[in-house]
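Have a look at the structure below, then the notes.
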Amino acid sequence: MTETTGHHHTVSSICCYCGTGCGVEITTDGSRVLAVTGDGAHPANFGRLCSKGRTLGDTTGRPSARLLRPTLRLSKDEPAQEVSWDSALDAVSARLADAIRQHGPDAVGFYLSGQLLTEDYYLFNKLARGLVGTNNVDTNSRLCMSSAVTGYKLTLGADAPPACYDDFDHAECVLIAGSNMAFAHPVLFRRLEDAKAANPAMKIIVVDPRRTDTASIADLYLPVLPGTDVALFHGMLNVMIWEELIDRDYIAQHTEGFAVLKQRLQEFTPRAAAELCGISEQDLVTAARWFAQSAATLSCYTMGLNQYSNGSDKNAALIHLHLATGHIGRPGCGPFSLTGQPNAMGGREVGGLATALPGHREPGNAAHRAEVAALWHVPALPATPGLAAVELFEAAAEGKIKVLWIVCTNPAQSMPEQALVRAALEKVDCVIVQEAFNSSETLAYADIVLPAATWPEKDGTVTNSERRISRVRAALPAPGQAREDWRIADDVAQRLAASIAPERLPAFGFVDAAAVFAEHATTTAGRDLDYSALSYEVLEQRGPQQWPFRDGHGTARLYGDGVFATASGRAQFVDVAWRTVSDKVSAHFPLRLTTGRLRDHWHTMSRTALVPALTRHVEEPQLAMHPRDLQRQRLASGELVKVRNKRGAIYLPVVADDKLRPGVAFIAMHWGGAALGGQGINALTTRVGDPLSRQPELKHAAVAVEAAKLPWRATLLLKGDALAARARLDALRALFPYAVAVPVMLGGVEALRLRLAASAAPDAAVLQQLASVLEPAGSLSAALDDPARGILRRVWLQAKQPLGFVLAGDVRADEALSSWLDGGAAPDSLSALLTGQARGAARSRVVCSCEGVREDAICAGIAKGLDVDGLKRELRCGTGCGSCVPELVRMVAA
C-alpha cells in the first residue's frame with residue numbers, strides 16, 4: 001500500500017530482520033527515509049517494533065556503507081576495477097559457462113540467504129537447477145533452520161509449523177526451549193508478556209544453559225547442559241507415560257510408532273534424564289506435569305535446539321510431547337519453530353536448500369524432479385545430490401568448486417571453522433559476491449562484485465514464522481547502480497542460456513517481480529503449502545495471508561483434523577536415541593562455549609552497525625564466564641584472555657556473568673573479523689553437523705581460556721564515520737594479535753573505538769602511524785608522549801571540545817576521556833588525567849536504546865524507590881520497543 005501526502009510518500013512493507021515478519025510503514029520524501037513506524041494493521045505485530053525495527057530508517061541514505069558499482073578483477077593478484085553492468089554480467093556468464101564446459105555443472109555452487117525475497121530465491125533456484133544443471137544451491141538457512149525442517153518432516157510429514165501467533169493468547173502453558181525470545185524475537189516476547197499479564201495462571205517453562213532475559217518471565221527455569229535437550233524431553237515423556245498423562249486416544253487414532261519409542265524411553269527415568277541434563281529431578285517432573293496437564297500447551301524454539309549435531313533429534317523429541325498429549329491443531333497448542341531470518345520460510349517454499357525443490361518437493365524423488373521440470377519447461381532436473389552449506393565449502397577447499405556465487409550472506413564471518421572457509425574462498429577460481437553493504441568480510445575474496453538493492457529498495461514477498469506471506473514494497477530507488485537480486489539472476493540466466501542452452505532461454509526474461517511470484521505460486525498447486533491462488537493482486541486487496549491458501553482463505557493452524565502430511569496421514573513417533581555433543585569437553589578444553597544474539601544487533605552487523613544507538617547496550621566483543629570459573633582459573637573480570645581450541649584462537653576481555661552455569665561460557669555470534677581484526681568467533685566453532693539436517697553445531701564448542709599475556713595496550717576513540725575510519729586501520733590492525741575496532745555512539749554522534757594489545761610495545765614507526773592515521777584535520781592535539789617507553793597520549797580538540805583521543809602504553813585515562821567525549825564533565829587538568837595523577841568519572845552503559853537511558857540514571861531512580869512503572873514514567877525507559885523491560889525488572893529486583 002502507498003499513500004502520498006504533499007511531497008511525502010508512505011509505503012507499507014515488512015521489517016528485514018527476524019522471521020517475526022513485522023509490518024512497517026516507511027515514510028520518504030522520494031530520496032530518503034523520513035520515518036519508520038510499526039504497521040498497526042499487520043497481524044504479525046499490530047504496530048509494535050523492536051529496537052532494530054524502530055531504527056531501520058537510520059540504516060539507509062549512507063552511500064559510504066554501500067556497494068554502488070560492479071567490480072571485476074582478472075586475476076587473484078590484481079586489484080578490482082569498476083566495470084559496467086554489461087561487462088560484469090557478461091563476465092559472470094562466461095565464468096559459469098567455462099566451468100560447466102570444462103568441469104561439469106557440479107563445479108558451480110550457489111550460496112544464498114534467508115534475507116532474500118521469495119522472488120530472488122526462486123530465480124536463483126531455477127537458474128541453478130533448471131539451467132546450470134546442479135543441485136549445489138544452498139542457503140545460510142542451513143545454519144539455522146534445517147534441523148527444524150527435518151524435525152517437522154520426520155514427525156508431521158511436511159516442513160510446516162502448525163501453530164500461529166494467535167496461539168500465544170490461548171496457551172495455558174508455554175515451553176520455550178533454546179530460544180532467547182526477548183532478544184531474538186522481541187515483538188513475540190512482548191505478546192507473550194501480554195498473554196501472561198492477561199492470564200497470570202499461565203505456566204511458562206524456559207530451557208536454556210543461560211538465564212537470559214527470556215527466563216525473567218519463567219515460572220520454571222531449567223538450566224540444562226548444552227546439547228542435552230533430547231534427554232530432557234525423553235525424561236518428560238517418561239513421566240507423562242508413568243503418570244498416565246498422555247492422550248491414548250489421540251495416539252491410537254492419529255499417530256504411529258509410539259510403542260517402539262516407548263521402549264526407548266524406559267531408560268530415561270526422571271532421575272537418569274535429570275542427571276544427564278544437570279537439573280533437579282523434581283523440576284523435570286514439574287515441567288512434564290505442567291506441559292501435559294495444561295488445557296493448551298505451546299512450545300517455542302530456535303537455535304538452541306537446531307544448531308547441534310543432534311538438532312533433528314531434539315526437534316523430533318519435543319514434537320513427541322505434543323503428539324503424546326494431543327497438544328496440536330487446537331488454539332494455544334503446537335510445536336512452534338520461530339524462524340531466525342526474515343524469509344527463511346520463503347526460501348524453503350521455493351526449494352532454496354540443496355535438499356529441497358519448489359513446493360516442498362524432494363530432489364531425490366524422480367517424480368518430483370519430473371514435475372518441476374515440466375513446470376519449468378526444461379527436459380530434466382539434475383539427479384546428483386546437492387552439497388549443503390558446509391559440504392559446499394569443503395568441496396571448494398578441495399578444488400572441486402570452480403565458480404561460487406554468494407548472495408546476500410557473509411560466509412567469511414558466519415560459517416563455522418573459519419580457517420577452512422577462508423581457505424576455500426581463496427581456492428575457488430571465481431568467487432562472485434552479490435552484496436549491498438561494503439563491510440562484508442567475504443568481499444575480500446571476491447573476483448566479481450555485484451551491487452545489490454536492499455531494504456527498502458526491493459519489491460516482492462516474504463513468509464514469516466507463522467506461514468504468513470506479506471508484500472515487501474520498495475520505498476526508495478536503489479543507490480548508485482545497485483539492482484534487485486532477482487533481476488541480476490535473470491539477466492545472467494538469459495546470457496548463460498544463450499551461451500549453453502538456447503532452447504531454455506524462454507524460461508527466463510521476467511518482466512517484474514509479480515511475474516516471478518505468479519510462476520512460483522503455480523509450483524505449490526496441490527502441495528501441502530498450496531497457495532497457487534495467491535497473487536500480488538490478492539495480497540494488495542486482502543493483506544498478508546497464511547498458507548495453505550485455499551478457497552479464498554488462509555489457514556491459521558494445521559492438523560486440526562488429526563490428518564498429517566505423511567503417507568499414512570498419521571504423525572510419526574521416531575525412535576530417537578540420545579547422543580552427546582560432537583565437540584566434547586576434556587582436560588585440555590574444559591569449557592562449553594555457546595553462542596547467541598545480542599538484543600540490538602543482527603547477524604554480521606552490516607546493517608545494525610550503521611545505527612550508533614544500537615551499539616550502546618553492548619559495545620564491544622567479550623567472553624562471559626561464571627564467577628566461579630573465573631576464580632578457579634585466577635582470572636579477573638575485565639582481563640584480556642585467549643580463547644582457544646584445536647580449530648583456532650581469539651582474544652577477548654572476559655566478564656563475570658552469574659546467569660551462566662559454571663562450566664559454560666558465552667560469546668555473542670555477531671563478532672567477526674571486521675570487529676576482531678581476525679577470523680571472529682567462528683574460528684572456534686565446529687563444522688561437524690547433524691547427519692540428517694546437515695546443520696553444523698554452531699551452538700557448542702569445547703574451549704580453553706587462559707590469560708592473554710599481552711601487557712602492552714592501546715585505545716583510540718574518534719568521532720566520525722566509524723566504518724570508513726575502520727577501513728583506514730586495516731593494515732595497522734594486522735600487526736596486533738588483539739585489534740578490536742567497533743562503532744560506538746558518543747553524545748548522539750557516531751564514533752570508532754579501537755583497542756590494541758601486544759606482548760611488547762611496537763617500534764616507533766608503528767606508534768607514529770597510530771598517532772597520525774586518523775588524526776582529524778584542523779584539530780589541536782594535546783600530547784604527552786614517551787616514545788622510549790612505548791607511550792603515546794594524544795587528545796584531539798576543536799574549539800576546546802574533544803573530537804577523540806589515542807592512548808598507547810598507558811591507557812589509564814580511557815574511561816574518563818570516553819565519558820568526556822560522551823557529554824560528561826571536562827577534566828580539571830588534562831595533563832593530570834593523562835599521567836594518572838587524577839581520575840574522572842566512568843562512562844555509563846545505555847540500557848534503553850530507544851530513549852538513550854543510561855544505567856547510572858536507572859540506578860539513581862531505583863535508589864529513590866522507583867519500581868519498573870516508576871522508571872518508565874520518570875525516565876521513559878521501557879516505553880519504546882520494550883526490549884529493555886526484562887533488564888529493568890532484573891535491576892529493580894537486585
Side-chain angles (χ1 to χ4, degrees), residues 96 105-116 118 120-150 153 159 306-307 311-312 339-341 343-358 360-364 369 372 381-398 400-417 420-421 424-425 428 431-435 442 485 489 603 682 687-698:
L96 290 171
D106 288 332
V108 175
F110 296 82
Y111 188 52
L112 311 179
S113 167
Q115 294 165 72
L116 290 173
T118 300
D120 305 327
Y121 254 130
Y122 183 76
L123 253 298
F124 273 104
N125 198 30
K126 189 176 185 181
L127 166 60
R129 301 180 203 265
L131 179 57
V132 173
T134 183
N135 283 316
N136 291 343
V137 52
D138 212 54
T139 164
N140 59 15
S141 297
R142 178 72 59 187
L143 307 184
C144 61
M145 297 309 302
S146 52
S147 287
V149 171
T150 303
K153 290 169 70 174
D159 174 20
N306 297 342
Q307 289 180 331
S312 298
T339 313
Q341 296 188 87
N343 200 33
M345 184 79 73
R348 287 141 60 184
E349 295 159 20
V350 305
L353 293 165
T355 48
L357 287 177
H360 286 178
R361 293 177 176 86
E362 305 282 343
R369 293 198 305 273
V372 177
L381 295 190
T384 304
L387 299 174
V390 169
E391 298 157 350
L392 186 62
F393 284 88
E394 289 174 338
E398 295 167 5
K400 297 176 181 177
I401 300 296
K402 304 302 180 182
V403 178
L404 179 59
W405 194 342
I406 299 166
V407 186
C408 193
T409 187
N410 187 15
Q413 200 269 50
S414 58
M415 288 286 292
E417 288 199 38
L420 178 135
V421 171
L425 290 168
V428 174
V431 176
I432 305 160
V433 176
Q434 188 164 316
E435 176 60 75
T442 306
D485 292 288
H603 283 200
N682 281 320
R687 61 188 155 112
V688 175
D690 183 292
L692 298 178
S693 70
R694 291 140 85 174
Q695 178 165 354
E697 194 165 84
L698 284 163

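The analysis underlying the following values was restricted to heavy atoms, covering all of them including side chains, and did not include hydrogens, waters or symmetry mates.
The distance from the CG atom of Leu420 to the CZ atom of Arg687 is 5.0 Å, given to the nearest 0.5 Å. Between Asn140 atom CG and Asn410 atom CG the span is 10.0 Å, to the nearest 0.5 Å. Atom OG of Ser113 sits about 7.5 Å away from atom NE2 of His603, to the nearest 0.5 Å. In this structure, Asn125 CG and Phe110 CZ are separated by 9.5 Å, a value rounded to the nearest 0.5 Å. The structure places OG1 of Thr134 at 11.5 Å from CG of Leu381, a figure rounded to the nearest 0.5 Å. Taking CG of Asp120 as the reference point, atom CZ of Phe124 lies at 7.5 Å (rounded to 0.5 Å).
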**Asked** Going through the distances and angles, do Thr150 and Ser693 end up as a side-chain hydrogen bond (donor to acceptor under 3.5 Å, both in side chains)?
**Response** CA-CA 6 Å; Thr150 303; Ser693 70; 4.7 Å; no
**Request:** Given side chain to side chain contact (heavy atoms under 4.5 Å, CB included), test Leu143 with Met415 step by step and report yes or no.
**Result:** CA-CA 8 Å; Leu143 307 184; Met415 288 286 292; 3.9 Å; yes
**Message:** The test is side chain to side chain contact (heavy atoms under 4.5 Å, CB included); show your working for Arg142 and Thr355 and say whether it passes.
**Reply:** CA-CA 10 Å; Arg142 178 72 59 187; Thr355 48; 3.0 Å; yes
**Message:** Under the criterion side chain to side chain contact (heavy atoms under 4.5 Å, CB included), I'd like the reasoning laid out for Ser146 against Arg694: C-alpha separation, chi angles, the key distance, then a yes or no.
**Reply:** CA-CA 7 Å; Ser146 52; Arg694 291 140 85 174; 6.0 Å; no
**Request:** List the steps, then state whether side chain to side chain contact (heavy atoms under 4.5 Å, CB included) holds for Asp106 with Thr384.
**Result:** CA-CA 9 Å; Asp106 288 332; Thr384 304; 3.7 Å; yes
**Message:** Would Asn682 and Glu417 count as a side-chain hydrogen bond (donor to acceptor under 3.5 Å, both in side chains) here? Give the steps.
**Reply:** CA-CA 6 Å; Asn682 281 320; Glu417 288 199 38; over 6 Å; no
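Between Gln695 and Asn306, the side chains place no donor N or O within less than 3.5 Å of an acceptor N or O (distance only, hydrogens not considered).
Between Leu112 and Thr409, the closest side-chain pair of non-hydrogen atoms is not below 4.5 Å. Between Leu404 and Phe393, some side-chain heavy-atom pair lies under the 4.5 Å cut-off.
Salt bridge annotation for Asp159-Arg348: present, with a cationic side-chain nitrogen under 4.0 angstrom from a carboxylate oxygen. With salt bridges taken as basic N to acidic carboxylate O contacts below 4.0 Å, one links Glu362 and Lys153.
Judged by distance alone, the side chain of Arg361 and the main-chain N or O of Pro358 form a donor-acceptor pair under 3.5 Å. Side chain of Asp138 to backbone of Leu387: no donor-acceptor contact under 3.5 angstrom is found.
Across all their heavy atoms, Leu127 and Ala489 have their closest contact at CD2-O, 4.1 Å. For Val428 against Ala396, the heavy-atom pair with the smallest separation is CG2-CB, 3.6 Å. For the pair Pro363 and Ala354, the tightest heavy-atom approach, listed with the atom from each and the gap, is CG-O, 3.5 Å.
Looking at Val108, Val137, Val403 one by one, the single match for side chain to side chain contact (heavy atoms under 4.5 Å, CB included) with Val132 turns out to be Val108.
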